[in-house]
Amino acid sequence: MAASTRIEGIDKLAGRERYIDDLDIPGCWWGMTKRSPVPRGTIREIRFGPGVDWSEFVVVDHRDIPGPNQVRLIELDQPVLASEYVRHVHEPVVLIAHPSRAMCRRAIREIEIIVDPEPAALDFRVPPAPEQIQHGPDNVLSHLTITKGDAERALRDAPHIIEGVYETGAQEHVYLETQGMAAWEEDGTIVVKGSMQCPYYVLNALTHALARDEKHVRVVQAPTGGGFGGKEDFPSVIALHAALLALKAGRPVKIIYDRAEDMACTTKRHPALVRHRTGVDSDGRLLAQQIEMTIDGGAYVTLSPVVLSRGIIHAGGPYACDNVSIVGRAVFTNAVPFGAFRGFGAPQSQFAGERHMDRIARTLGIDPAELRRRNLIRDGQTTSTSQTINDGTDRVAVLDTAIRLADAEKNQQEDRAFNASHPYLRRGTGIACIYHGGGFTGSGEVHLASRLHVAALPDGRVEVRTATTEIGQGMLTIFTDIAADRLGLDRSRVTIADADTARVPNSGPTVASRTAMVVGKLVEDACDDLRRTLGLDPVARGGAVTDAIDNWYRTHPDREPVGRAQYRQPPGIHWDDETYRGDAYGTFAWAAYAARVEVDLRTFQTRVLGFQTVQEIGKVLNETLARGQIAGGVVQAIGWALLEECVWRDGAMANAQLTNYIIPTAADVPPIGVHFLENPYPHGARGAKGIGELPMDGPAPAIANAVADALGVEPDTIPLTPERLMELMTHARA
Amino acid sequence: MRAPETHSTEIHLVVNGESTRVSVDTDERLLDTLRLRLGLTGTKEGCGEGECGACTVLLDGLPVNACLVPAVQAAGRSVETIESIAPDRLGHMLESGATQCGACTPGVVISSHWVRENPHLLRTHSIRELMAGNLCRCTGYDGIVEGLAAAIDAENPDTHDNGERA
Amino acid sequence: MKILTPNSIPEALRMLKDGSPDARPIAGATDLLVHWPDQRTSHAGPFVDLSRIDALRGHRWTEDELVLGALTTYWDIITDPRANDELPILPRAARTVGAVQIQTRGTWAGNIANASPAADGVPALMALDAEVETAGENDTARVPLDAFYLGYKQLNMQPGWIITAIHVPRRRCDFSSFIKVGTRNAQAITKVGAAVTHSDAGWRVVANSMAPTVRRCRALEDALDRGISIASPDALIPLLEQDLAPIDDIRSTAAYRMNVLARVLFHELAPVCPFIGTTSGRNAP
């Protein structure tokens, strides 16, 4: 079936899509945020400069918060506005609003936050000094373990033990539309509209801190210019700020971050340090994996425990090993809080795991692909959480297809000859085998209990009502097509309601590669339920559905027929949150990536010459959109692997500009080869599994492995900037 | 605090083929003139530092970042924004998946439009070099490059590719 | 804050005098307007916009010079077939500046006047022995570009004067090379850069992002002119250090800059200089 085109595509291409910054809201004032100048300390004084007529401004601080001064997410530790104490640079303290944005900019500089500084904890990799401890006895925010078999004993008996330490840096999302939110009060209801992934997260945060019930809060997603996780948790903060200003001002207030504020003050990917100690036999079979993963939790808990959870669950890789011990820690620091970012811990842990597989291969003198073939999970074997995999996917074939498409064996021969003769260019190929669990972890989806409605409209169309958001991934198109397909209607007869909490049920957040697989399935279920409501038999399609809608409205003109669906866990899934054992995900997507690189030994720059991906994602719902997800994810991951470095100074990002935080341009990346294998998942929409995060997991290790192949060094830290590679090579030579 | 000192002046320019008079602050950016004074919000602000290209418009037929152009420098000149592009020119980019979140898209389309209007540029430049001023975080660029290449091929049936154009 | 829009050079000079000492000329504005909403109040101004002055527009080829009017953009040179043919180092340098959207706006004269140590246009011009023509209310001057910088952001030009043109000798180079090592392939600020030419006038090696100003590497030029043997990239470093002093900043490190410049120059020069590199086989990278 030819891929249908993106529903809102022409509007976006023609520049007609209206993002929050494009909306002209009558009487709207501009809001701006004054932030902490230091990473830790007690607020002694807030000075409002004498050169400003403050009577023209609305000024909000923590005393203006009607409810608890807490951003409700997992923990309640993060204040909406700091009151007496600051825990990170750029922590919001005071908000102002004024009709003129230029006046806001001037006035914000006339506010001074005087803080008595205290010793900040800024390096999560080293144990804190006593004066840096601010959380529990040791600054550990979250501690999780996975145990399978007896890794300690198996390591004692293993013929070979291979160790490695791997490090990954923070990554900025760089969604092209910066964070923005508007708020106003309407008949006693506070309305918040803006750029976000998860309207009900925002609703949840607003009801809590504003001390209102759900009836008096309404959250509406505006068209959203990219998220990648950056608009999962953070929008709650800016939404609260806009709402507080709007309530005090008694008029609409809009906050739009400029790029510098967005980069410096919003969340990033958690930096991570991962240690591997692996026992193998002489054939390279994994006997024991001992893994320690530490992530920088930043100054507030945000989503760190769940990021850590997904990180450690994926840390062992798609391999069978009987003895596994994984320990994860999220450590408090006085860094600007880290948050959700595509992959959610799994890219960090799988970078380490896949680099480590290459180190094992090199140590034992086994071809890296062969080492992986020997260890990839076969049906009937278990993951590190003891989840039995039995999906019929041939994971070795996934890998071999990638190797074949990349022409890896031929390239490697050519590259050896090239490397022997070229004065300064060196080429190499690297692979990575990855997996990514779709949907929330463990019993997460059961707790979410996502809901979705499909209503029949009087004009004969059906409307899908869901809080799942379009953030560029193609949700509008996918859901339209699923509903059209399920009911046998033309896609023009299907419409998707705005993600407005006053109109749509809570379908859970737009995260975790769950949209097509989990919520898409709810679209199918709700369509089936609509059929039942209309009194149709389960296979009725097309004209029968349209006729039934006509008939319905003839007999019940005042009652709308609605099909309802709620998440039901597929049978046979068992997860134990206490022991971290069981079925971590309903299913995994599997992939193998092959990168070919060229390193310039004059400049230490690494160029990706070719990149091939093969993924088994259940069922491809829309080829164009799926390719876009993979190619886009791979390029974002190439950036993370080679270019994107957050430079930190005293807990603040020193390079918070697009001039100095470098993401790839079209001229920096090759065309990305995208190849799908299908093995439909019975509990996903039309057989789909998750796809969005998968491509973030594999490119970095594949590229680092390719550099290792080219140069014979072990690049264990990313981003592998030229400066870092130069140091590594100088060190290796010394 | 007094309001920031501003000086206004009236400029005349041709926007999307229409002769336009608009009063601007002498130090305002063309981007703000287009978005705030003329309501042409298709042109986006992505970074305000000439890096991302989301605000690309054509000034006298050449692509520029509207965030780096003082409005007064556009006086007497022609400006083409995304609003000037006919929807029937967008089919190739739609088919290829050139847009995802859409925030970079108007700038991408304007740059692509310029390349399509000047296919001779491909004798000296690759598509990827010509499009390197437009950052996109969603597509990985393949959807953009393929859509543009397809459009150029369709519009220049006699030209044959003699090299690695993309 | 004001932007003034003169229509002639005398008018511009008068405005600069009236606005002294804070008045500054602007042309393409690609450096000035970065983060403008936040920056605009930090300039006392006024800015004197030269873009309407016809006398500064365009470039022309005379018998022995390419003359770049002060408003000549990078794109003007990128798209000039004669420049590509005769002085290819100029379009090559121009194509590394930002991306097309910057190349169509940024001017060669602005690149000189902005005086960034990372300027990409300046080394190419300097390696061609370009001269800067400047004008004040009652006088004009012509200064070799390599004598135009007195220190970081300090120009060898009277206050209130402007650059009116750049004169590039149409001298045949039998070797020219432009090197830019940036953070990525386009839209990058130079971390390590150099322009190298050889002509009847001898060797020119000009480095950017390696010192407080774009600077000629005279010790290396002298060694090249004399044919002194240089066995390895490391052997270039003492020569480069006589003229350059790179620093650590958020984009790179001093060690990287020096090391990489030496390596890149070595491999650029080795194929054309018999006295550089080992006598046979593969050069050490």
Side-chain angles (χ1 to χ4, degrees), chain A residues 5-6 8-19 21-22 24 49 51-53 100 102-103 106-107 110 173-178 223-228 258-260 471-474 624-625 627-628 630-636 657-659 663-669 671-672 674, chain B residues 1-4 6 35 39-52 54 81-83 85-87 89-91 93-110 126-146 166:
Chain A
T5 52
R6 178 178 285 274
E8 81 290 9
I10 289 291
D11 280 341
K12 284 178 172 173
L13 288 159
R16 293 193 297 245
E17 193 79 297
R18 293 279 174 272
Y19 301 83
D21 192 24
D22 303 332
D24 188 15
V52 175
D53 179 359
S100 153
M103 287 290 275
R106 288 195 140 198
E110 302 296 320
H173 304 85
V174 197
Y175 28 69
L176 257 283
E177 180 215 20
T178 56
T224 295
F228 314 112
D258 65 19
R259 182 59 64 182
I471 53 174
Q473 85 283 42
T624 306
L625 297 181
R627 294 175 72 85
I630 300 296
V634 167
V635 168
Q636 197 167 46
Q657 313 92 20
L658 286 184
T659 314
I663 69 168
T665 71
D668 291 286
V669 290
I672 307 302
V674 181
Chain B
M1 184 181 69
R2 288 180 302 115
T6 52
R35 285 179 57 83
L40 298 171
T41 55
T43 305
K44 307 300 178 195
E45 174 159 5
C47 68
E49 52 179 316
E51 201 71 17
C52 76
T81 70
I82 186 67
E83 286 82 359
I85 308 288
R89 303 258 301 159
L90 303 171
M93 304 292 269
L94 180 67
E95 294 287 333
S96 67
T99 183
Q100 290 189 19
C101 86
C104 77
T105 304
V108 165
V109 172
I110 285 284
S126 67
I127 286 180
R128 284 183 185 268
E129 181 180 351
L130 292 169
M131 296 302 291
N134 293 90
L135 296 179
C136 169
R137 195 59 155 169
C138 292
T139 63
Y141 303 105
D142 285 343
I144 294 168
V145 172
E146 287 164 18

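Here is how names work: the chains are called A, B, and so on, in the same order as the sequence lines, proteins then strands, and each is numbered from 1. Given the structure is predicted, the values throughout are model-derived calculations rather than measurements.
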Residue part contacting chain A, namely of [X], when any heavy atom lies under 4.5 Å:
| X | result |
| --- | --- |
| B:Thr139 | backbone |
| B:Ser96 | backbone |
| B:Leu94 | both |

For [Y], is there any backbone N or O sitting under 3.5 Å from a side-chain donor or acceptor partner on [X]?
| X | Y | result |
| --- | --- | --- |
| B:Arg137 | A:Gln636 | no |
| A:Tyr19 | B:Lys44 | no |
| B:Arg35 | A:Asp21 | yes |
| B:Arg128 | A:Val669 | yes |

Roughly how far, to the nearest 0.5 Å, is [atom2] of [Y] from [atom1] of [X]?
| X | Y | atom1 | atom2 | value |
| --- | --- | --- | --- | --- |
| A:Gln657 | B:Glu49 | CD | CD | 6.0 Å |
| B:Leu135 | A:Ile663 | CG | CD1 | 4.5 Å |
| A:Gln473 | B:Cys101 | CD | SG | 10.5 Å |
| A:Ile10 | B:Met93 | CD1 | CE | 11.0 Å |

Max heavy-atom pair count under 4.5 Å with chain A, selected residue of B:Ile110, B:Thr41, B:Ile144: B:Thr41
Heavy-atom pair count under 4.5 Å with chain A, highest-scoring of B:Arg89, B:Glu95, B:Glu83, B:Met131: B:Glu95
Distance-minimising heavy-atom pair for [X] and [Y]:
| X | Y | result |
| --- | --- | --- |
| A:Leu13 | B:Ile82 | O-CD1, 3.2 Å |
| A:Gly15 | B:Pro106 | CA-CG, 4.0 Å |
| B:Cys104 | A:Leu176 | CB-CG, 3.9 Å |

Between [options], the one whose heavy-atom pairs under 4.5 Å with chain B are most numerous:
| options | value |
| --- | --- |
| A:Val635, A:Val674, A:Asp24 | A:Val635 |
| A:Gly227, A:Gly633, A:Ala14 | A:Ala14 |
| A:Ile672, A:Thr659, A:Thr5 | A:Thr659 |
| A:Thr624, A:Val174, A:Thr224 | A:Val174 |

By a 4.5 Å heavy-atom criterion (distance strictly below it), what part of [X] contacts chain B: side chain, backbone, both, or neither?
| X | answer |
| --- | --- |
| A:Ile471 | backbone |
| A:Pro664 | both |
| A:Asp258 | neither |
| A:Glu177 | both |

Heavy-atom side-chain proximity of A:Arg6 to B:Gln100 below 4.5 angstrom: yes
Candidate list B:Leu90, B:Thr99, B:Val109, test side-chain contact (heavy atoms from CB on, under 4.5 Å), partner A:Lys12, passing option: B:Thr99
Test side-chain contact (heavy atoms from CB on, under 4.5 Å) applied to A:Ala667 - qualifying residues, sequence neighbours left out: A:Thr665, B:Ala132, C:Asn185, C:Ala186
